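The figures that follow rest on heavy atoms only: side chains count, while hydrogens, waters and symmetry mates do not. Just so it is clear: chains get the letters A, B, ... in the order the sequence lines come, proteins before strands, and each one is counted from 1. Note that the structure is a prediction, hence the values are computed from the model and not measured.
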Amino acid sequence: MLEFWLFVLATAGIYTIFSLGLLVQFGIAGLPNFGNGAFMAISAYAMAISVVNGLPMWAAAPVGIGAAVLFGLLLAIPTVRLRSDYLAVATIAAGEIVRYLALNLQELTGGAAGTVNLLGPGIAADYNSSWLRFQSGVRGLISNLVGQRVPSDVAFIAILWPVALLLLAAVWYMVRSPWGRTLRAIREDETAVAALGKDVFAYKLQAFSVGAALAGVAGLFFAWQVSSFSPDDFRPTLTFYAFVIVILGGKTNVWAVPVGAVLFAGIFAGTRFLDFWPLSVFASGDRAYLRLVLVGLGLIVLVIWRPQGIFGNRREDALET
Amino acid sequence: MKPKDAILSASHVGMRFKGLVAVDDVSLAVARGSITALIGPNGAGKTTLFNCLSGFLPGAAGSVVFDGRRIDGLPPHRRSRAGLVRTFQIPRIFHRLTLIENMLVADRAQPGDALFGCFMRRGATLARTRAATEQARDLLALLSIERLADDYAGTLSGGQRKLLELGRVLMTDPKMILLDEPMAGVNPALGGKLLERVEHLRQERGITFLFVEHDMEMVMRVSDRVVVLDQGRVIADGPPDTIRADLRVIDAYLGRADLGASA
Amino acid sequence: MLDQLLQLVFNGLVTGSIFAIGAIGASLVWGVLRIGNFAHGDYMALGAFTTFTANVLLGLPLVVSALLGVAATSLFAVLAHQLVLKPMRGRGLTSVFIVTVGLAFVIRNTLFLVFGSGARRFDIDQAEVYVVGPIRMSPGQAITIVCALIAIGLVGWLLSSTNIGRSMRAVAENSDLAAVTGVDTDGLATITWLITGALAGLAGICLGLVQGTFDASFGAYTLFLIFTAVVLGGIGSAYGALGGGLALGLVMEVSTWDGFAGGLDPRYKLILAFIALILMLLVRPEGLFGKARIV
């Protein structure tokens with residue numbers, strides 16, 4: 001059971017950071033970016049490739065985030081002016097381009113086999129050892145503090161969650177700052193914002209980049225948590241999950257993101273680890289499908305009948321145009 | 001009019017959509033501190049001309065000089081920054097922002113409006129928010145909608161939306177305002193107050209107004225000058241009394257009896 | 001080498017026909033009802049799996065099974081419209097899109113739960129080959145060509161010669177105008193889904209036949225190619241979707257021709273299609289053949 005909750009917390013922490021980015025882009029600025037998972041992938045790959053090529057981990061991490069932001073700008077500059085349904089389709093397509101490139105550029109990424117092949121097949125590439133050293137240092141510290149040996153996942157969570165909460169507080173402050181207000185105004189009517197003298201395009205790029213940077217941070221933690229990852233870890237479903245979390249919280253509610261993330265990760269892990277009726281009816285291999293059916297139903301039900309999310313107020317959303 | 005007296009002068013402005021000429025070689029100078037009305041039958045090109053002046057129709061022909069600067073070719077937000085701010089025929093308000101928030105979006109002196117500005121210039125941001133909120137409340141009071149200040153703008157009636165939009169424009173501290181049918185949907189009592197307000201703003205702050213309006217009574221009462229547009233061309237231009245007497249205008253506009261018939 | 005080219009052109013026309021059949025429906029829904037339907041690929045899979053059930057599990061003849069599959073998908077599309085999409089009327093484009101994402105998840109993974117993750121195939125002799133001149137043709141390809149001709153003929157007749165078809169085109173071109181002139185938008189939506197579902201089901205069956213084997217996600221993999229065809233032809237234009245689908249199928253196959261600078265590595269075919277999709281959305285959302293509209 002402890003293993004279950006540690007898994008839930010680790011997953012939820014990563015999802016919290018990732019979904020915060022989507023909240024800024026989609027909930028606040030009204031830009032439905034369905035390719036946000038690609039930014040996570042780019043950051044993870046850029047970091048891993050940098051480390052394998054000799055960069056220290058703490059220098060490689062900003063490289064990863066920088067790469068995600070750069071790609072974010074590259075995608076945003078042509079697309080943020082698009083109508084929202086076109087933007088949705090264009091961003092999924094862009095995310096898929098990234099994934100297919102990662103699959104096919106084997107010399108760079110290790111291809112379908114994953115980052116273990118970063119240095120070519122036959123050599124086990126390792127980008128993770130300095131992180132693991134750092135993590136075991138933290139683990140030792142915590143173990144001393146509580147007086148017993150804790151699992152290494154505890155150390156991971158103890159590093160991840162303070163970062164997640166710090167970013168959460170920062171995003172919360174930014175969203176209710178004048179900058180966030182202008183983004184919300186753009187979401188409502190960008191023509192009017194331009195008429196008032198604000199550079200709508202620049203604001204959209206900023207929102208997109210902030211989202212990409214947060215996805216980049218999430219990508220780093222994801223890469224550190226696993227020791228090898230592959231392009232298939234960044235399927236479009238990853239971004240859809242974040243949409244579920246953001247919508248669960250009512251699209252603009254920053255503090256609802258970690259709650260949604262824990263809830264989501266609980267359902268996610270529950271269908272994997274737990275084994276009681278009615279779950280026991282399904283073979284363990286089928287539970288992944290069951291989970292996705294539930295995610296789909298959840299999305300439909302939420303968007304149709306509770307667009308304000310589980311905490312939101314109905315009144316505001318009735319004014320959606 | 002000598003160029004130095006004109007805050008806005010447009011020369012040979014033209015716009016066509018797929019062969020259809022919407023604005024045809026319009027030249028127009030607006031004196032600083034004046035109130036000018038733009039009238040004409042539906043489809044005469046009034047709103048299109050507004051769009052050309054405010055930059056919402058890129059690709060318009062001709063040149064526009066505002067406050068001594070060429071502004072044609074500038075994107076809408078840059079023209080607005082220059083002090084030429086417009087409203088819309090159908091008010092464009094931010095539905096899921098409160099009235100106060102709607103007003104604050106228009107504040108241009110807010111350092112927290114920049115990315116990370118709320119962190120880097122925290123004190124200045126908070127101070128400016130306080131000052132701007134006060135200013136916004138005063139303006140809302142002036143427009144008689146201050147009791148709705150904390151409601152979502154999406155709950156306002158059509159006339160109230162017009163007022164909010166005007167308030168928002170005033171928050172930008174403009175030099176010249178383009179008003180697209182300011183009186184449509186506003187109740188007459190409030191309309192009267194609005195007129196007083198426009199005259200007051202002109203006198204007090206020297207704001208120049210150019211407005212499109214169907215309400216002839218309002219046009220004749222407040223404007224110093226009336227420009228008549230028909231089929232994309234200026235067909236008459238002069239003081240209200242002269243225009244009233246102008247037969248061409250009667251033919252083009254009053255004679256068709258669609259005066260104020262629709263938006 | 002020329003024989004290879006002819007064969008590729010033929011293959012391209014076959015896959016292109018499938019894209020076209022899928023794209024016509026997706027385009028109508030997007031243009032007429034303003035729904036970018038993310039579940040469209042899964043409607044195709046639904047068509048293939050209902051046909052599979054009738055054909056393989058119940059042992060019915062393929063033609064009968066296919067008709068059942070088309071009917072079932074069509075009905076499902078109408079049902080989904082009534083239950084899930086109609087309540088979304090008046091909501092933002094993004095909200096509607098997200099609901100279709102949810103729908104896609106439900107359909108795809110329910111199919112996985114019911115039919116498992118293994119590859120399925122119709123009861124048809126895959127090894128058989130018809131040789132027509134220089135071209136070798138599988139039974140699946142032959143059936144696809146016949147189906148495409150029938151389906152496209154029917155849709156063409158429907159859109160050009162019936163009131164409902166003319167209304168659809170009117171709405172696709174200008175929904176405000178159509179509302180003013182009194183088009184029954186509710187009835188129109190139902191019929192649009194009826195047609196779209198049937199076409200998607202048919203496209204799924206044909207794709208299953210041509211590929212030989214399929215699993216529950218094979219429709220979803222095709223979705224972006226369908227979207228590319230839709231956007232190439234101009235969103236809302238049925239004839240455009242037809243042209244866009246055929247063009248996409250041809251380009252994707254012929255680009256691998258040896259005579260074409262050694263041929264494009266097939267791995268990059270999908271990436272190219274995605275880039276084409278994004279570029280089209282950016283530059284000409286009205287499609288290759290469409291005329292620009294004032295927005």
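L82(A) touches chain C through its side chain: at least one heavy atom from C-beta onward sits under 4.5 Å away, while N, CA, C and O do not. With a 4.5 angstrom heavy-atom cutoff, L87(A) does not touch chain C via any of its atoms. In this structure, no portion of R81(A) lies under 4.5 Å from any heavy atom of chain C. For F112(C), the parts lying under 4.5 angstrom from a heavy atom of chain A are both the backbone and the side chain. Contact annotation for I275(C): both backbone and side-chain heavy atoms come within less than 4.5 Å of a heavy atom of chain A. Both the backbone and the side chain of Y86(A) have a heavy atom closer than 4.5 Å to some heavy atom of chain C. For chain A, the nearby part of L277(C) is the side chain; its heavy atoms alone come within less than 4.5 Å.
Between L75(A) atom CG and I278(C) atom CD1 the span is 7.0 Å, to the nearest 0.5 Å. Once rounded to the nearest 0.5 Å, the distance linking CD1 of I98(C) with CD1 of I247(A) reads 3.5 Å. The CD1 atom of I304(A) lies 10.5 Å from the OG atom of S95(C); values are rounded to the nearest 0.5 Å.
Across every non-hydrogen atom of V106(C) and G296(A), the tightest pair is CG2-C, 3.7 Å. Scanning all heavy atoms of the two residues, the minimum distance from L93(C) to R83(A) falls at CD1-NE, 3.7 Å. The two atoms that bring M88(C) and V303(A) nearest to each other are CE-CG1, 3.6 Å, heavy atoms only.
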Margin query: Using side-chain contact (heavy atoms from CB on, under 4.5 Å), reason through T94(C) and D85(A) one step at a time and then give a plain yes or no.
Written below: CA-CA 6 Å; T94(C) 316; D85(A) 52 345; over 6 Å; no

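By the 4.5 Å heavy-atom criterion applied to side chains, I92(A) and F38(C) are counted as neighbours. Side-chain contact between F274(C) and V98(A) is absent, with no heavy-atom pair separated by less than 4.5 Å. Residues L103(C) and I300(A) meet the side-chain proximity criterion, which asks for heavy atoms closer than 4.5 Å. By the 4.5 Å heavy-atom criterion applied to side chains, N104(A) and I271(C) are counted as neighbours.
The distance between the ring centers of Y268(C) and Y100(A) does not fall below 6.0 angstrom. Y289(A) and F105(C) have their aromatic ring centers separated by at least 6.0 angstrom.
Taking chain C as the reference chain and counting heavy-atom pairs below 4.5 Å, the highest number among V244(A), V301(A), V293(A), L299(A) is found for V293(A). Listed options L297(A), L101(A), V89(A), D286(A) were ranked by heavy-atom pairs under 4.5 angstrom with chain C; first place goes to V89(A).
Within the structure, salt bridge (charged side-chain N to carboxylate O under 4.0 Å, His left out) contacts touching residues 93-117 of chain C (residues at least two apart or in different chains) are D42(C)-R108(C). Every pair passing salt bridge (charged side-chain N to carboxylate O under 4.0 Å, His left out) that includes a residue from residues 88-104 of chain A is listed here, sequence neighbours excluded: E96(A)-R99(A), R99(A)-D232(A).
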